[in-house]
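In what follows, a single structure is set out as structure tokens and then discussed.
The sequence lines fix the lettering, A, B, ..., with proteins before strands; numbering per chain opens at 1. As the structure is a prediction and not an experimental result, all values here were calculated from the model.
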Number of protein chains: 2
Amino acid sequence: MRVLIALGGNAMTGPGGDASTESQQNAIALACERLADLVVAGHDIVLTHGNGPQVGNLLVKNEMAASEVPPVPLDWCVAQTQATIGFTIQNALGAALRSRGVHRETATLVTRTVVDNDDPGFRRPSKPIGRYLPRERAQQLVEHGQHWEDRGERGWRRVVASPTPLEVLDTATMSALVGSGHVVIAAGGGGIPVVREADGSLRGVEAVIDKDLTATLLARSLAADVLLIATDVSHVMVDFGTAQARALDRISAAELREHAQAGQFGSGSMGPKVEAVLGFVDGGGRRAVITSLDRIADGVNGTYGTVVEPTTG
Amino acid sequence: MRVLIALGGNAMTGPGGDASTESQQNAIALACERLADLVVAGHDIVLTHGNGPQVGNLLVKNEMAASEVPPVPLDWCVAQTQATIGFTIQNALGAALRSRGVHRETATLVTRTVVDNDDPGFRRPSKPIGRYLPRERAQQLVEHGQHWEDRGERGWRRVVASPTPLEVLDTATMSALVGSGHVVIAAGGGGIPVVREADGSLRGVEAVIDKDLTATLLARSLAADVLLIATDVSHVMVDFGTAQARALDRISAAELREHAQAGQFGSGSMGPKVEAVLGFVDGGGRRAVITSLDRIADGVNGTYGTVVEPTTG
């Protein structure tokens, strides 16, 4: 089967989002053991991934070195993380496959994702990124055109646009590479955000794109059989935090949407993941799964995790 | 013809190596006008590029933010520049082609280059990178394992290993993409340096690889017809700075090697370029050219620049 795997940031950093080189390498090595299982099982794999903690570090560097080196915009930061995470995965997956006596070609494609210049996200930036700063420092950055919000005790935090992804570029290239036996790593961090100018050319913009929404778009463009979002919980929960709390296992898209409409998943981390899997199955996808990284092989087979399938009847 | 173009750092920064986002974008936009001419002429193109000023900026950020964010190693810096330069080229080349009424797919591949862990460069780091620092600051970094040298009046400068590239990975992937009509951007900055461990797995190492030597290796692996090194001079000169100074135009590999052995090109910028083109032609390449960016279309055709061809007779 052709499988699109979306790895969460937690799969690529140490405890507490520690994004040191070594922590990233260690976390990615673990993740690649599970990915190698999928490769050995014979699946064709496209891998995408988050980059929140990594971009956070790049923003701190931007700030702290601004007196000496011109800061780079957010789209450049996203690009940077695509490359560092991508080649680290290539090294680690190669090693994990080698220990299983298997060789597969891998490719990391720098990937742009088109968003709408008129997306409401650009008028009302709302996605928090990077570290908290004291008010005085935040206000200096506001004067340089950034948006910062008072988040109370912890300080101020930058908010940026998180526009809806419209098109992942170069999916034909990815499809050709997967077809010729590559494990493809693409659209990291949701893709480098670009807008289309009036003349049709593309321009990078200061934004971050939700990686799970991009994963849905990518899975549909690639005609993937399965979209699997790997996260730090084994199942999507309903009535979380109450005596009636229960894990969702196999569920129809219609039933999951009812839970979403009843406000079960909030707007934090799980809400967008649920929207992403619904978007895939409603768009014709065969199976979408949310589960923990260590069970992705079972998840792809539909035997573990929250397994969402098309509504029948 | 299949053409490997190596763009120098000067083609991608502003005056004085200014590597701000805007300067890089402007310089790359100019370079892509000339690249678009080559595409329109019907050539199949793989593009590689330098990254010196860009890595220099990343090293400054590493240093200045070290109290808050763990610095990343050199191989990560190289990876970062592959992505930022790559997608900026993709945007600019797309626009230049669009203005000519042409569409071609492009792809930026994150690329690793294998070097030998026993390369003498690792024992005697000699490639200067990044900015000059005062002695006191340099010595702190020496205590953290880095190599710095006293460069006199300007201060101290970091030196790193510049090992010989042995193998550019994923060239079969590049070849397939070029064959299917892509302009491929690959092995930026000479490639991300990796060494092969005893068990065969790959590990990134702190080094930078000469991008012109990697270009030669890549051109040979891809069976390119032409290797063109685009730089800031129109021709290689002999007897430079004397009354006998003259530009080399069409020349055999044997004759060029005689000039090199006579010490005409030094160890700075032109010596490695000459070695790179000789390596390509001596290895079976049809034509290697050193010329300025604005004349690459003529250079590829062998009608301008220093055009090196196999020794005959």
Are any of the side-chain heavy atoms of [X] and [Y] separated by less than 4.5 Å?
| X | Y | answer |
| --- | --- | --- |
| B/Glu105 | A/Asp170 | yes |
| A/Val110 | B/Gln82 | no |
| A/Pro70 | B/Glu22 | no |
| A/Leu109 | B/Thr108 | no |
| A/Val69 | B/Met64 | no |

Distance, nearest 0.5 Å, that separates [atom1] of [X] from [atom2] of [Y]:
| X | Y | atom1 | atom2 | value |
| --- | --- | --- | --- | --- |
| A/Arg98 | B/Glu197 | CZ | CD | 11.0 Å |
| B/Gln25 | A/Arg203 | CD | CZ | 9.5 Å |
| A/Thr88 | B/Trp76 | OG1 | CH2 | 4.5 Å |
| A/Thr84 | B/Asp75 | OG1 | CG | 10.0 Å |

>> Using every non-hydrogen atom in the two residues, find where B/Thr173 and A/Ala107 come nearest and quote the distance to one decimal.
In response: CG2-CB, 4.5 Å
> Minimum heavy-atom separation for A/Ser201 to B/Ala95, with atom names?
Replying inline: CB-CB, 3.7 Å
> Please walk me through it: do B/Lys61 and A/Glu68 pass salt bridge (charged side-chain N to carboxylate O under 4.0 Å, His left out)?
Replying inline: CA-CA 8 Å; B/Lys61 290 184 171 189; A/Glu68 294 281 333; over 6 Å; no
Identify which part of [X] has an atom lying under 4.5 Å from any heavy atom of chain A, answering side chain, backbone, both or neither.
| X | result |
| --- | --- |
| B/Gln90 | both |
| B/Leu177 | side chain |
| B/Ile192 | side chain |
| B/Thr111 | neither |

Highest number of heavy-atom pairs under 4.5 Å with chain B: which of [options]?
| options | result |
| --- | --- |
| A/Ala66, A/Pro73, A/Pro71 | A/Pro73 |
| A/Val72, A/Val78, A/Leu169 | A/Val72 |
| A/Thr21, A/Thr81, A/Leu202 | A/Thr21 |

Which bit of [X] comes within less than 4.5 Å of chain B, counting heavy atoms only: side chain, backbone, both or neither?
| X | answer |
| --- | --- |
| A/Arg131 | side chain |
| A/Ser23 | neither |
| A/Ile185 | neither |

